[in-house]
> 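One structure follows; several queries about it will come next.
Chain identifiers are assigned alphabetically (A, B, ...) following the order of the sequence lines, protein sequences preceding nucleic acid strands; residue numbering begins at 1 within each chain.
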Amino acid sequence: MFPDILEVQEKRVEERRLPALSNAVEGKVVTRFPPEPNGYPHIGHAKAAVIDETYARMYNGRLILRFDDTNPAKEQLDYYKAIKDGLDWLGVKPDLVKNSSDDMARFYGYAEQMISSGHAYACTCQPDVVKQNRSEGKECACRSLSPDEHLQRWRRMLDAQGYKMNEAFLRVKGDMQSLNTALRDPTLFRIIEAAHPLKDKKYRVWPTYDFAGPIEDSIDGVTHALRTKEYELRDALYFLILKTLGLRLPELIEFSRLELRGTTVSKRKLQPLIRDGLVEGWDDPRLPTLTALRRRGFLPEAVREFVLSLGVSKAESEPDWALLESVNRKMLDPLVRRYFFVPDPVRLEVAGAPEVKAILKLHPEKNFGERVIETRGAFYIPREDAEKLKQGDSLRLLGLYNVEIEHSLPASEEGLLLKGRYAGEDLREGLPKIQWVSADSYREFTVWVTLPLIVDNEFNKESLKIVKGFAEAACGDLKPDDKVQFIRFGFCRIDSPGLAILTHR
RNA sequence: GCUCCGGUGGUGUAGCCCGGAUAAGCAUACCGGCCUUUCGAGUCGGUGAUCGCGGGUUCGAAUCCCGCCCGGAGCACCA
């Protein structure tokens with residue numbers, strides 16, 4: 001009884017970890033995650049999606065996944081799928097999936113409504129003139145033409161025989177003198193003739209984010225629209241459009257963008273790395289894409305917990321991977337089996353060693369069973385440890401016995417062999433405890449160790465370290481996607497037979 | 001340049017809206033003890049922030065007001 005109550009209370013704390021939403025009604029909250037299908041989802045998307053979902057669940061509301069695909073020049077079919085896959089992996093389950101491009105007819109209807117009521121106008125000025133006028137706060141001649149004239153121009157925009165790209169734009173009548181430059185008659189629609197991945201050539205006039213976003217939020221019943229804070233100046237525009245159209249106003253909430261130290265989520269910076277083959281692809285474990293995080297061995301639950309720990313604050317920050325790693329490590333620790341992996345192996349021969357079957361538990365606390373390794377006095381141990389041992393030193397082979405060093409590694413030569421003598425099984429304080437593989441049974445294994453991708457704003461050529469070594473024979477049975485801890489080395493995910501990726505220490 | 005938004009220990013975050021409990025909680029990182037399958041986890045303890053700076057209001061300010069400094073964003077036919 002009593003423990004049950006405690007448990008329930010704990011869970012509640014867990015779920016309510018985000019600050020309360022203003023004007024939120026239990027059961028009525030609707031949030032939305034609106035990615036543009038123009039790239040692979042990364043940890044920044046995860047932050048937004050998880051916050052959106054968490055709020056929806058906190059209030060027993062609904063989450064909408066909306067593809068903001070109103071720029072056919074940028075969207076690609078593959079990315080719709082990549083984003084869905086990323087969310088699946090994260091465990092974000094939208095209650096509704098839709099595309100902005102499905103609502104083109106409504107956008108056109110609202111456009112005409114704004115033109116007719118004199119709140120929008122079709123501008124045929126040259127783009128550089130528009131830019132100039134904006135910076136000087138000047139209105140152009142188009143602005144004062146009659147709504148009828150603008151309706152005609154609008155039709156010529158829609159007509160394939162009419163205006164061409166860049167010849168006309170539908171702009172909102174905002175305030176050309178406003179100190180908030182987002183209000184200086186921004187573009188609502190422009191002509192883009194590229195084929196759309198879902199709609200092909202059906203439309204040639206496409207709404208901008210500024211127009212489509214608020215309308216979609218409003219007509220979809222979104223009560224709380226969250227976005228990153230670079231949109232903050234556009235809040236006024238968002239509400240202006242909805243008020244002009246007489247549509248319901250959602251609450252708008254902004255939070256800071258996620259920037260992880262030592263990497264970048266910028267497509268502009270990532271694309272060249274992939275194009276030039278500096279990284280393996282979008283799932284290269286050095287990248288912050290979701291597919292890369294998965295491949296590196298992060299658990300989706302850890303990613304979720306990590307991004308939630310950052311909260312919805314607008315403060316700029318640059319969290320360290322160590323924060324994510326710590327969460328992941330805690331989750332992985334009770335789940336994964338322990339094995340011995342010897343990086344950069346050096347042979348150790350032990351004189352007078354008995355033949356011993358080492359029985360090693362697969363987990364120090366959990367009942368995961370054990371593996372048995374037959375030993376006959378010949379081992380491999382990590383070079384790094386071997387180099388620290390001097391003649392007369394002792395070490396303990398983990399789970400086996402003690403060894404006294406008789407001949408240490410030659411300092412200058414290759415130093416391939418270390419010789420020692422059996423020194424009993426008793427536990428002695430202060431001995432270095434070292435993992436090993438038997439010289440009679442081991443598998444060659446490679447481990448990829450990732451280091452910061454970006455250093456001083458440039459690609460770090462040393463960002464991937466390839467460590468070769470020997471793993472104990474049992475590791476030959478590991479399957480791709482298995483996660484293990486190589487003792488004294490770190491947590492790893494098996495990528496393919498004989499290849500592991502270090503998730504973190 | 002103009003406008004807006006930020007600024008709490010190395011890092012992340014809570015507290016700030018509705019000023020008061022020991023002048024700051026938690027996590028991470030770091031250091032040390034315990035634990036002998038670990039340089040992990042767990043556990044115990046420790047170092048570390050005069051809350052960007054300077055004024056003001058107040059009996060009392062991280063919290064309110066003013067000025068300044070620093071950082072970020074916007075000034076797109078991209079979201």
Side-chain angles (χ1 to χ4, degrees), chain A residues 17 19 22 34-39 68-71 73-75 100 123 126-128 130-131 134-135 137 165-171 178-184 186-192 206 208-210 212-213 227-237 254 256-261 267-268 305-306 308-327 329-334 336-340 358 360-366 370 384-385 396-400 427-435 485-491 504-505:
Chain A
R17 61 199 302 178
S22 56
E36 182 183 15
N38 69 342
D68 255 343
D69 55 352
T70 58
N71 184 350
K74 294 206 168 183
E75 333 303 13
S100 294
C123 179
Q126 293 296 312
D128 54 323
V130 172
K131 194 180 170 113
R134 268 212 189 95
S135 73
M165 194 171 4
N166 281 349
E167 286 181 354
F169 301 89
L170 190 74
R171 300 172 66 185
S178 175
L179 287 177
N180 180 353
T181 49
L183 257 20
R184 322 251 260 227
T187 296
L188 263 23
F189 285 84
R190 72 290 208 209
I191 297 167
I192 303 174
W206 291 88
T208 57
Y209 167 85
D210 285 328
R227 54 184 186 181
T228 44
K229 73 172 195 168
E230 67 265 24
Y231 296 116
E232 235 172 347
L233 278 323
R234 321 195 82 76
D235 286 9
L237 175 59
E254 273 103 8
S256 63
R257 263 183 100 103
L258 174 51
E259 317 249 2
L260 272 180
R261 184 157 291 150
K267 258 193 306 291
R268 213 189 73 248
E305 188 163 323
F306 166 69
L308 281 179
S309 79
L310 304 175
V312 286
S313 106
K314 289 200 280 190
E316 294 141 25
S317 64
E318 207 182 22
D320 202 281
W321 282 93
L323 267 356
L324 208 206
E325 290 173 359
S326 165
V327 176
R329 190 180 294 125
K330 280 177 189 152
M331 291 182 176
L332 237 32
D333 187 75
V336 304
R337 297 169 182 227
R338 314 294 141 121
Y339 292 100
F340 288 162
L360 302 166
K361 291 195 291 180
L362 285 163
H363 192 283
E365 292 106 30
K366 306 276 173 188
E370 57 212 13
E384 198 184 332
D385 292 306
R396 182 174 183 85
L397 295 172
L398 270 167
L400 249 196
L427 289 171
R428 290 190 223 157
E429 220 164 299
L431 290 195
K433 289 164 287 183
I434 296 172
Q435 82 276 25
Q485 189 198 39
F486 283 146
I487 287 184
R488 297 214 314 139
F489 186 83
F491 292 87
H504 44 65
R505 295 198 64 89

> A29(B) P sits how many Å from W321(A) CH2, rounded?
16 Å
> Considering only side-chain heavy atoms of T208(A), which listed nucleotide, A14(B), G40(B), C78(B), is closest?
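Comparing A14(B), G40(B), C78(B) against the side chain of T208(A), the answer is C78(B).
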> Ignoring hydrogens and geometry beyond distance, is the side chain of Y231(A) in donor-acceptor contact with the base of A79(B) at under 3.5 Å?
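Answer is yes: a donor-acceptor pair is held.
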> Listed by chain and number, what are the side-chain contact (heavy atoms from CB on, under 4.5 Å) partners of L183(A), not counting sequence neighbours?
S178(A), N180(A), A236(A), L237(A)
> List for me each residue that meets side-chain contact (heavy atoms from CB on, under 4.5 Å) alongside E230(A), sequence neighbours excluded, and say none if there are none.
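For E230(A) the side-chain contact (heavy atoms from CB on, under 4.5 Å) partners, ignoring immediate neighbours, are T228(A), R257(A).
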> Can you tell me how far P of U13(B) sits from CD of E259(A), to the nearest Å?
12 Å
> Could you tell me whether K433(A) contacts a base, only the sugar-phosphate backbone, or nothing, with contacts defined as non-hydrogen atoms closer than 4.0 Å?
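Base: the residue K433(A), judged by heavy atoms under 4.0 Å, touches a nucleobase.
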> G72(B) P sits how many Å from E230(A) CD, rounded?
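So the two atoms are 14 Å apart, to the nearest Å.
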> Can you find a pair of side-chain heavy atoms, one from Y209(A) and one from T70(A), that are under 4.5 Å apart?
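No, every pair of side-chain atoms sits at 4.5 Å or beyond.
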> Could you tell me how far G60(B) sits from C68(B) if I compare only their C1' atoms? Round to whole Å.
25 Å
> Is L362(A) touching bases, backbone alone, or none of the nucleic acid, heavy atoms closer than 4.0 Å?
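The residue L362(A) makes base contact.
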> Considering only the P atoms, how many Å lie between G6(B) and G15(B), rounded to the nearest integer?
14 Å
> Can you tell me which stems RNA chain B forms when a stem means 3 or more consecutive Watson-Crick or G-U pairs under 3.5 Å?
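The stems that RNA chain B takes part in, listed by first number, are B:1-7 with B:69-75, B:10-13 with B:25-28, B:30-34 with B:42-46, B:52-56 with B:64-68.
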> Within the pair R329(A) and A29(B), is there a side-chain N or O less than 4.0 Å away from OP1 or OP2?
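So the side chain of R329(A) is within the cut-off, an N or O lying under 4.0 Å from OP1 or OP2 of A29(B).
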> Determine the contact category for D385(A): base if any of its heavy atoms lies under 4.0 Å from a base atom, sugar-phosphate if only primed atoms, P, OP1 or OP2 are that close, otherwise nothing.
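D385(A): base contact, heavy atoms under 4.0 Å.
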> Shorter than 3.5 Å, N or O on both sides, protein versus nucleotides 67-71 of chain B: list them out with atom names.
| from | atom 1 | to | atom 2 | distance (Å) |
| --- | --- | --- | --- | --- |
| G71(B) | N2 | E316(A) | OE2 | 2.6 |

> Base, sugar-phosphate, or nothing: which does N180(A) touch, judged by heavy atoms less than 4.0 Å apart?
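Nothing: the residue N180(A), judged by heavy atoms under 4.0 Å, touches no strand.
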> Which value, in whole Å, describes the distance between the P atoms of nucleotides U58(B) and G19(B)?
16 Å
> Nearest of A79(B), C2(B), C78(B) to any side-chain atom of Y209(A)?
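Nucleotide nearest to Y209(A)'s side chain: A79(B).
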> Tell me: CG of L183(A) to P of C4(B), nearest whole Å?
13 Å
> Have a look at E254(A) and say if it touches a base, only the backbone sugar-phosphate, or nothing, with a 4.0 Å heavy-atom cut-off.
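No contact.
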> Report yes if some heavy atom in the side chain of W206(A) is under 4.5 Å from a heavy atom in the side chain of N71(A); otherwise report no.
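No, their side chains stay 4.5 Å or more apart.
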> For E232(A) and for E318(A), locate the closest nucleotide of RNA chain B by heavy-atom distance; then report the residue assigned to the nucleotide nearer the 5' terminus.
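By nearest-heavy-atom nucleotide position, the 5'-most residue is E232(A).
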> Can you tell me how far P of A79(B) sits from CD of E36(A), to the nearest Å?
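In whole Å, A79(B) P and E36(A) CD are 6 Å from each other.
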> Figure out the CZ/C1' separation between F169(A) and C78(B), and round it to whole Å.
13 Å
> Looking at every non-hydrogen atom in both residues, tell me the closest pair between Q435(A) and D385(A) and how far apart they are.
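Between these two residues, the closest heavy atoms are OE1-OD2, 4.4 Å.
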> Would you say a side-chain N or O of S317(A) is under 4.0 Å from OP1 or OP2 of U13(B)?
yes
> Do the side-chain N or O atoms of R505(A) get closer than 4.0 angstrom to the phosphate oxygens (OP1, OP2) of G40(B)?
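Answer no for this pair, as no side-chain N or O of R505(A) is under 4.0 Å from OP1 or OP2.
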> State, with a plain yes or no, whether a side-chain heavy atom of Y339(A) is found less than 4.5 Å away from one of L360(A).
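Contact flag for Y339(A)/L360(A) side chains = no.
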> Using a heavy-atom cut-off of under 4.0 Å over every strand shown, decide if I487(A) touches base, sugar-phosphate, or nothing.
base
> In whole angstrom, give me the gap between the C1' atoms of A62(B) and U8(B).
7 Å
> By salt bridge (charged side-chain N to carboxylate O under 4.0 Å, His left out), which residues pair with K74(A), not counting sequence neighbours?
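Checked K74(A) against salt bridge (charged side-chain N to carboxylate O under 4.0 Å, His left out); zero matches.
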> Taking the P atom of each, how far is C66(B) from A73(B), in whole Å?
26 Å
> For A79(B), take OP1 and OP2 only and decide whether either is under 4.0 Å from a side-chain N or O of R190(A).
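Result: yes.
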> Go through C5(B), C77(B), U3(B) for me and flag the one nearest to the L233(A) side chain.
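Shortest atom-to-atom distance from the side chain points to U3(B).
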> Given G6(B), G40(B), A73(B), identify the nucleotide with an atom nearest to the side chain of A315(A).
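Between G6(B), G40(B), A73(B), the one nearest the side chain of A315(A) would be G6(B).
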> Not counting sequence neighbours, which residues clear salt bridge (charged side-chain N to carboxylate O under 4.0 Å, His left out) with R396(A)? List them please.
none
> Can you check whether T70(A) has a side-chain N or O nearer than 4.0 Å to OP1 or OP2 of A79(B)?
yes
> What distance, rounded to whole Å, do you find between the two P atoms, one in A79(B) and one in G72(B)?
25 Å
> For A76(B) and G71(B), measure between their C1' atoms and round to the nearest Å.
24 Å
> Just compare A76(B), C5(B), A14(B) and give me whichever is closest to any side-chain atom of K131(A).
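Looking only at side-chain atoms, K131(A) lies closest to A76(B).
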> Nearest-Å distance, CZ (R257(A)) to P (G12(B))?
17 Å
> List for me each residue that meets salt bridge (charged side-chain N to carboxylate O under 4.0 Å, His left out) alongside K314(A), sequence neighbours excluded, and say none if there are none.
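So K314(A) forms a salt bridge (charged side-chain N to carboxylate O under 4.0 Å, His left out) with E232(A).
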> For C78(B), does OP1 or OP2 lie under 4.0 Å from any side-chain N or O of R234(A)?
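Looking at the OP1 and OP2 atoms of C78(B), neither is under 4.0 Å from any side-chain N or O of R234(A).
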> Taking CG from L237(A) and C1' from A79(B), how many angstroms apart are they, rounded to a whole number?
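Answer to the nearest Å: 13 Å.
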> Using a heavy-atom cut-off of 4.0 Å across all strands, would you classify L360(A) as base, sugar-phosphate, or nothing?
base
> Can you name the nearest heavy-atom pair linking L260(A) to E318(A), along with the distance?
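Taking every non-hydrogen atom into account, C-CG, 4.3 Å.
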> Please tell me which of V312(A) and R261(A) maps to the more 5' nucleotide of RNA chain B, matching each residue to the nucleotide holding its nearest heavy atom.
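Looking at RNA chain B, the more 5' nearest nucleotide goes with R261(A).
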> Can you list everything that forms a side-chain contact (heavy atoms from CB on, under 4.5 Å) with K366(A)? Sequence neighbours excluded, please.
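In terms of side-chain contact (heavy atoms from CB on, under 4.5 Å), with neighbours along the sequence ignored, K366(A) is linked to P334(A), H363(A), F368(A).
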> Which is true for A182(A) with a 4.0 Å heavy-atom rule: it touches a base, it touches only sugar-phosphate, or it touches nothing?
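Counting heavy atoms under 4.0 Å across all strands, no contact is made by A182(A).
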> Looking for any heavy atom pair under 4.0 Å, which part of the strands does P127(A) touch: base, sugar-phosphate only, or nothing?
base
> Who passes side-chain contact (heavy atoms from CB on, under 4.5 Å) against T181(A), sequence neighbours left out?
R184(A)
> Mind checking whether K229(A) and E316(A) have side chains closer than 4.5 Å, heavy atoms only?
yes
> How far, in whole Å, is C53(B) from C70(B) if one measures between their C1' atoms?
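Per the computed distance, 10 Å lies between those C1' atoms.
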